[in-house]
Amino acid sequence: MTPGTGRVAGCGGPPRPYALERAVAEGELPPGADPALLARYVTTLAFGIAVQAASGIGRGELQAMADAALRTWPLI
C-alpha cells in the first residue's frame, strides 16, 4: 500500500506507455500501434492473471493465458 492513499503501489494511476512510445518511434512496433492502448492492455492482462493466480488457477493455465495474449501482440 502506498502510505496515505489506500492503494497498492503501482495500481493508482494510469499505465505509463513511455517504453511503448519509444518502441513505435524506433520501429519495434507497427507505426499505427497505440502506445496508451497497449499499456492499458498489458496492465489489464497482468492484473487479470494475478486475480486468476490468487483464485488458485494453476501455472499451466496461467501460462496458456499469457501465451494466448502474446499471440495477439501487437495485433490489437
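Keep in mind that what you see is a predicted model, and the values were worked out from it rather than measured. Each residue takes its place number in the sequence, starting with 1.
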Transitive ILVMFWY side-chain link Phe47 to Ile49, under 4.5 Å: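 No: no chain of side-chain contacts under 4.5 Å links Phe47 to Ile49.
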Spacing of CG belonging to Leu70 relative to CG belonging to Leu45, to within rounding of 0.5 Å: 8.0 Å
Rounded distance (nearest 0.5 Å) linking atom CG of Asp67 with atom CD of Gln63: 4.5 Å
Where Leu38 and Leu29 come nearest, the two heavy atoms and their spacing: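 Closest approach of Leu38 to Leu29, heavy atoms only: CD1-CD1, 3.9 Å.
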Distance-minimising heavy-atom pair for Ala53 and Leu62: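 Closest heavy-atom pair between Ala53 and Leu62: CB-CD1, 3.7 Å.
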Side chain to side chain donor-acceptor pair (under 3.5 Å) contacts touching residues 51-60 (sequence neighbours left out): none
Distance-only donor-acceptor pairs under 3.5 Å for side chains of residues 20-27, two or more places apart:
from  : atom 1 : to    : atom 2 : distance (Å)
Arg22 : NH1    : Glu26 : OE1    : 3.2

Residues clustered with Tyr18, ILVMFWY side-chain links under 4.5 angstrom: none
